[in-house]
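Just so we're on the same page: letters track the sequence lines, and every chain starts at 1. Predicted model only: the values in this text are computed from it and were never measured.
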2 protein chains.
Amino acid sequence: MTHFVIITAGGSGLRMGAELPKQFLDLNGEPILRRTVDLFLSLPFEVHVIIAMNRIHSQWWMNYCHKKDFFFPHYETPGGITRFHSVKTALKYITPGSITAVHDGVRPLVTERQIIRLYELAEQYPAVIPALGLTDSIRVDEGNGYKITDRSKYIAIQTPQVFQSDVLLDSYKSDYTESFTDDASVVEAKGYPLYFCSGEKYNIKITTPEDLSAARCLFGREILNPDLSFNSLVK
Amino acid sequence: MTHFVIITAGGSGLRMGAELPKQFLDLNGEPILRRTVDLFLSLPFEVHVIIAMNRIHSQWWMNYCHKKDFFFPHYETPGGITRFHSVKTALKYITPGSITAVHDGVRPLVTERQIIRLYELAEQYPAVIPALGLTDSIRVDEGNGYKITDRSKYIAIQTPQVFQSDVLLDSYKSDYTESFTDDASVVEAKGYPLYFCSGEKYNIKITTPEDLSAARCLFGREILNPDLSFNSLVK
């Protein structure tokens with residue numbers, strides 16, 4: 001089985017208040033994006049890496065790779081206007097009959113064990129989506145202030161989302177709509193079923209300085225990752 | 001102004017798979033509950049601490065306090081059947097005209113700066129509730145599978161929740177209903193307005209082994225706590 005990963009690295013980093021886009025900020029000696037790529041390069045099987053990066057950032061990344069002798073068989077795609085367009089462009093590198101993960105470049109804390117598990121599940125299910133129940137109480141504003149809602153009805157969605165490539169290729173033939181917030185939503189709109197499985201609570205998406213600071217503490221540390229069943233996490 | 005904190009420590013620890021209730025598990029050399037209490041004892045002003053603890057656990061805690069010479073002016077209340085009943089019992093120690101925080105015993109990572117800010121806000125507002133917008137996409141199951149919902153409508157609620165004590169005392173005269181999931185909900189039901197302000201993303205509630213492991217990495221580390229306005233976090 002051939003394995004691909006599309007790593008989305010299109011962010012501009014505005015929320016970080018930094019000059020560099022957030023995926024290039026330092027995580028204990030290397031850029032966040034390098035840490036994320038390394039996750040997939042260190043698996044016990046080969047994964048073809050495709051980075052979906054905005055063209056205006058690729059010069060920085062190429063300079064970095066050159067300086068570090070970090071050459072690996074990957075492709076870059078010009079970043080699209082939206083995540084949807086970035087992924088759609090990246091799909092031209094995908095071989096039919098394979099398995100493709102799509103992962104946020106700013107989620108460098110997902111474990112190797114989790115990535116392997118998701119790739120394996122995608123041999124059985126067309127679309128494998130990691131998700132977690134919510135720990136805090138939540139409130140929703142439907143127009144008249146924040147009101148309590150039953151948190152047990154909700155799940156938070158993570159990446160990597162892993163797909164049978166033919167499903168992803170077929171789904172991305174669709175025209176873009178605003179309801180496409182992630183790859184799961186694109187595949188679902190085409191009529192394919194989603195298989196939700198347990199995410200990892202500390203597979204955080206680095207979007208604020210607080211996240212980066214926490215990631216610097218958590219990176220490389222042994223975070224327990226109990227193999228909880230989906231039912232124990234989501235009602 | 002007199003300041004109180006009611007620290008709820010009623011948990012049985014079943015989700016941790018541990019023999020000890022989770023609030024007594026080790027966090028870098030001391031029980032989690034001790035770390036949480038210390039937060040309030042190290043403020044630049046005096047805070048009267050009340051621990052709402054189940055009677056079956058108080059022997060362990062008294063033994064610990066004795067062994068560590070950890071004596072501070074606090075009260076214990078027998079744990080009630082629900083969080084509501086625990087807090088209601090603890091309220092008998094509260095002086096009218098004061099400010100009272102209610103905080104989860106298993107949230108030892110809230111910063112001193114945040115606690116001070118919440119106490120200050122409660123001099124202006126009857127009920128101060130820390131909250132955060134959601135980072136991940138979320139889905140909701142209304143009976144026909146998990147469907148996408150607009151995450152910008154939601155906030156996650158944390159503690160400490162800080163109240164003008166008279167408001168808390170009045171609100172807790174109510175009879176218990178199942179909709180009382182936290183102190184904010186009790187006060188809101190009595191007709192008082194809630195003031196939502198920014199929570200801290202890594203003020204985590206330790207409920208699983210993963211949380212404990214992460215807390216051990218994060219405890220005592222300098223986590224950035226930018227003073228983001230509420231509007232930047234919640235639509």
Side-chain angles (χ1 to χ4, degrees), chain A residues 15 17 129 131-132 134-143 145-159 179-182 184-185 188 193-194 196 199-202 204-214 216-219 221-226 228 232-235, chain B residues 15 17 129 131-132 134-143 145-159 179-182 184-185 188 193-194 196 199-202 204-214 216-219 221-226 228 232-235:
Chain A
R15 274 195 283 184
I129 313 300
L132 276 181
L134 305 181
T135 308
D136 293 328
S137 299
I138 62 169
R139 285 175 174 257
V140 59
D141 184 2
E142 298 288 8
Y146 288 102
K147 303 300 178 194
I148 291 176
T149 182
D150 177 3
R151 75 165 177 228
S152 69
K153 288 182 179 174
Y154 294 86
I155 53 175
I157 304 298
Q158 302 186 332
T159 75
S179 66
F180 291 163
T181 55
D182 64 356
S185 57
E188 184 181 39
L194 305 181
F196 295 102
E200 292 179 318
K201 190 151 171 193
Y202 295 93
I204 58 173
K205 186 173 179 176
I206 300 178
T207 57
T208 66
E210 262 177 312
D211 294 328
L212 181 54
S213 188
R216 286 173 176 162
C217 295
L218 296 169
F219 180 78
R221 302 287 289 270
E222 185 76 20
I223 300 292
L224 278 177
N225 172 27
L228 301 167
S232 71
L233 291 166
V234 186
K235 35 175 172 162
Chain B
R15 274 195 283 183
I129 313 299
L132 277 181
L134 305 182
T135 308
D136 294 328
S137 299
I138 61 170
R139 286 176 173 255
V140 58
D141 184 2
E142 299 288 9
Y146 288 102
K147 303 301 178 196
I148 291 176
T149 181
D150 177 3
R151 76 166 176 227
S152 70
K153 288 183 180 175
Y154 293 86
I155 53 176
I157 304 297
Q158 302 187 332
T159 76
S179 65
F180 291 162
T181 54
D182 62 357
S185 57
E188 184 181 40
L194 305 181
F196 294 103
E200 293 179 319
K201 191 152 170 192
Y202 295 94
I204 57 174
K205 186 172 179 178
I206 301 177
T207 57
T208 66
E210 261 176 311
D211 294 326
L212 181 54
S213 188
R216 285 173 177 163
C217 296
L218 296 169
F219 180 78
R221 302 287 290 269
E222 187 75 20
I223 299 294
L224 277 178
N225 173 27
L228 301 167
S232 73
L233 290 166
V234 185
K235 34 173 176 169

Under 4.5 Å to a heavy atom of chain A? For Thr159(B) that would be neither
Hey, does Tyr154(B) have a side-chain heavy atom less than 4.5 Å from the side chain of Leu134(A)?
no
Rounded to the nearest 0.5 Å, the CG atom of Asp136(B) sits from the OG1 atom of Thr181(A) at a distance of 11.5 Å
Heavy-atom pairs under 4.5 Å with chain A are the metric here; pick the option from Ile148(B), Asp182(B), Thr149(B), Asp150(B) that has the most.
Ile148(B)
For a 4.5 angstrom cut-off between non-hydrogen side-chain atoms, does Arg139(B) reach Leu194(A)?
yes
Check whether any side-chain heavy atom of Lys147(A) lies under 4.5 Å from a side-chain heavy atom of Glu188(B), and answer yes or no.
yes
Flag the pair Ser213(A) / Lys201(B) as yes when at least one side-chain heavy-atom distance between them is below 4.5 Å, and no otherwise.
no
Give, for atom CG of Leu132(A) and atom CD1 of Ile138(B), the distance between the pair rounded to the nearest 0.5 Å.
13.0 Å
If you tally heavy-atom pairs under 4.5 Å between each of Gln158(B), Arg216(B), Glu142(B) and chain A, the highest tally belongs to Glu142(B)
Heavy-atom nearest pair, Leu218(A) first then Cys217(B), reads CD2-CB, 3.7 Å
Side chain / backbone / both / neither for Asp211(B) at chain A, heavy atoms under 4.5 Å
both
Between OH of Tyr146(A) and CD1 of Ile157(B), what distance do you get to the nearest 0.5 Å?
9.0 Å
